[in-house]
Structure formats: structure tokens, C-alpha cells
Amino acid sequence: MSDWEYRLEFAQQLDRQDPLRTFREQFFIPQVEGRPAIYFCGNSLGLQPKNAAAYLEQELEKWRALGVEGHFRGEHPWFSYHHWFKKPLAHLVGAYPDEVVAMNSLTVNLHLLMVSFYRPTPQRYKILCEAGAFPSDYYVIESQLQFHGFDPEEGMVEVFPRAGERILRTEDIVAKIEEVGSQLALVLFPGVQYYTGQYFDLPAITRAAHKVGAVAGFDLAHAVGNVPLRLHDWDVDFAAWCSYKYLNSGPGSVGGAFVHRRWHQQKDLPRFAGWWGYPEEKRFEMKKGFIPMEGVDSWQLSNAPIFSMAVHRAALEIFEAAGIERLRQKSEQLTGFLEFVIRTAVQRNPALEVEIITPSDPQQRGCQLSLFFHRGGQSVIQQLRQSGVIVDWREPNVMRVAPVPLYNTFEEVFRFGTLLEQVEVTEEG
Ligand SMILES: *Cc1c(COP(=O)(O)O)cnc(C)c1O
């Protein structure tokens, strides 16, 4: 859609036509000085679903009333609490239910999965990632290399954008994979890049990795709940994600993991095991000698963190009701409108020296746009905050703006534009 209009009534009209508009009512919108903020920070911490407290209270009540009996009694016994998550997670990442599990947190899951899927040999040991990866992912790769006795300087291969460019070309990623070739053990890439907002071509990266005999794993922190995924069909080997960004499940809430069915019968995979990965029907026989249960659940270590899972459950029910495909449709519109509004505001306010570094092709991005400020970015963000806009800043000079289809509106996007249009740009000291 390119016949956008820079008018409040136009934005309000789009909101009235939006089939998902009522979902906003299911969330608490933070306030700034007594008024609802324009919250474009769902890429960092999603908003609280209104039903979260009731779901949490239900488990607190079960604990109060039943004590240890809550593991096997009540409406959703804790012993099997995590089973419920399989269907909604399978829908979100495009997987079979036995390929997904809610457990641990993101960085922990990356390490656990790399125990199984990063199995270097003296000839094949390198790990490929993107330049400018999220720090935790860098540390995972560095420490895994060191753990296996390799020098991270040598073992980690980064793909850089071309000179003068800020995003990666798929052909360059594929070329790098081919170049490292028989030395490449693992490709660990994000789904959506946290800084630039670029949505990578996961099937192409996976195909290229497999072609040289490497494993393909993905960090879906900024992809899950943002773009529809088809991990199984794309033949992705493993993936991990967190639930507090687009999945709205609360700070530090339980993460998730995917392991392709292709790997489920390989019982000789090395792993770090715990009792929650042992077959359920025999778990309480308390025997020595780990046997992995069926599917990705065998990677579980501990009994589930019920309180964070209760909130996760409340949040995923909303995704089930809205549907990730419908959310994506709205998201493309909302972000397309944001792009138009920003370009218009920048034209009208010549003091703004800003460039959108996120790809303009909707197929290569999720909902986030990253604005690169050549000057004065700090002063802009200060004024936006004073006007009730919550966006985030990533050093050295990028403002990330993420309109989320579950709770953001076209009107908010338009208002953001008018604020940007009026902002005064000053050099910070
Ligand atoms: C948010 C994010 C993380 C955070 O990791 P936690 O283990 O959940 O603290 C890791 N990697 C990427 C790419 C992220 O965007």
C-alpha cells in the first residue's frame, strides 16, 4: 500500500478498519504524566496482558490451597503445566508440537542446544555469525569455542555488510558459508537482527549451511511473535527464543526451544541432562542412568517455573486468538505507515539528519524500524520521551521504533510523526 496520507483522520480511519483493533484493550498501556504513552518498545519488553495477574493468582492460590499436591491436582497440574505451550508455540514458529518446548531462558537454551549441535572436530570447528551480533550471542560463541579448546579470534567468523552498507545481503552470507566450507561446524544467526531490524532469509541460510555440511541454528529473540516462521519446513536444525519481547510474557520470563524432528531419533547426541528430560511415566522411579524422552522435551532439565509460565500462558492465549498471520498482515501495514510518516516528518524538519537503516522491503523486516541519527539523536529521544513516546536507544546512534500490531495503532504512528516533525535537534555535549 503506497497511497498513504499524512493526516490524523486518515490514521483514525485505518484504525476503524483494523480487524485486530480490540486486542489493544487486553493490555495495560504505560502512562507518562497521567496519559497513555505511545509505547513503541515491544521489541525490548512487551506490554502486560490484563489477564496475566489472574493466571498468576490461580497458581498462587493452588499453592496456598494444595501445597505440594498442586503438582498433580487442580485445573492445570504443575507436573504437566508445560504441555499446554506446545500448540501455541508450534503455531508461532511453524513446527510440530513435539519440536517445541517452553523452558529456561534464551542464552541458557543456546548453550544447551550447542552442547548437542556444536560438535567441533579439529578440521570442522568454525562458527559463523553476523557482525554486530547481540552481545550475549557473541559471548555464547566465544565461550563455546574456548570450552572446546579453540581460539575465538580464529573460530568465530563474522559476516560484514559491504562498504557503505548497513544490512547484509543474503548472497554475501551464502558466499561466506561456502568460503568457510568444510571448516564450518555451525551457523548461528538471528531471525531478525536486533539493531538493524533486518529479517534474514532463514531458508536460504539453512540450505547453504547444510550444503557445506554445517548445522543451522537461529536465535529468534526478535523474530518470534513478530514474523510468521516455518522452522520445520525450512529444515532448521535448532532455535531458541525469549518470551518477554514480542511475546509479552514479562521480564525474564521463560524462553523456548526448537529441535527439528530429524534429530529426535539420534539418541547418541551429547547433551547436558536433567530429570525433566527423562520419560514422564518413569520419572518418579528416581533411577540412575539417563534416558532421553521423546522429542525436544528431552532437553528439559528442571521442573517448570510455574509463575513465569502462568504469565506466558496468558500472553500466548492472545496470540492464539489473534493468529500470527493476521498479526503479520497488520504489522506490514503499520510499519509501512510508520516508514511513510517518518519520511514525511524528516522532509518537513530539515534539522533531522536521519536515515532508516532497516530494509524497506517488508519481506526483509518485522515491525521494527531502526533510525540512524547522523547528529543530535539524544536530543530527539529526550524530547520524544517528554511528549510521552517510549522508544529505545542503542549505542552508538540508533533509535529503534517498533509499532506492535497487538496493541499499537495507526493514530499513534501518526502522532509519532507529528512529534518528530516538531522536534528541535541540538548537538549533545
Ligand atoms: C534479547 C536478546 C537476548 C537476551 O538473552 P536472555 O538470555 O533472554 O537475557 C539474547 N540474544 C538476542 C539476539 C536478543 O535479542
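Order of listing sets the numbers, starting from 1, for every ligand and every atom in it. All values reported here derive from a predicted model rather than from experimental measurement.
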Inset, instruction - Tell me, please, whether Tyr81 has Arg313 positioned over its six-membered ring: NZ or CZ under 6.0 Å from the ring centre and within 45 degrees of its axis? - result: yes
Inset, instruction - Please round to the nearest 0.5 Å and tell me the distance separating atom CG of Leu14 and atom CZ of Arg21. - result: 12.0 Å
Legend entry - Side-chain heavy-atom pair Val100, Phe85 within 4.5 angstrom cut-off: no
Inset, instruction - Taking only heavy atoms of His222 into account, list the atoms of ligand 1 that are under 4.0 Å away from them. - result: 15 (O)
Legend entry - Under 3.5 Å: N/O of Tyr244 near N/O of ligand 1: yes
Inset, instruction - Could you tell me which atoms of ligand 1, counted from 1 in the order shown, lie closer than 4.0 angstrom to a heavy atom of Ala221? - result: 2 (C), 12 (C), 14 (C), 15 (O)
Inset, instruction - Record the part of Asp137 in heavy-atom contact with ligand 1 below 4.0 Å; permitted values are side chain, backbone, both and neither. - result: side chain
Legend entry - Cation-pi geometry met for Arg166 and Phe372 (6.0 Å, 45°): yes
Legend entry - Residue and atom name of the nearest protein heavy atom (relative to atom 5 (O) of ligand 1), distance in Å to one decimal: Thr107 OG1, 3.3 Å
Inset, instruction - State the CE-CD1 distance between Met156 and Ile127, to the nearest 0.5 angstrom. - result: 8.5 Å
Legend entry - atom 1 (C) of ligand 1 [closest protein heavy-atom partner, distance rounded to 0.1 Å]: Lys245 NZ, 1.4 Å
Inset, instruction - For ligand 1, find out whether one of its N or O atoms is nearer than 3.5 Å to an N or O atom of Asp219. - result: yes
Inset, instruction - Quick one: pull up CG in Leu420 and OG1 in Thr344 and give me the separation to the nearest 0.5 Å. - result: 10.5 Å
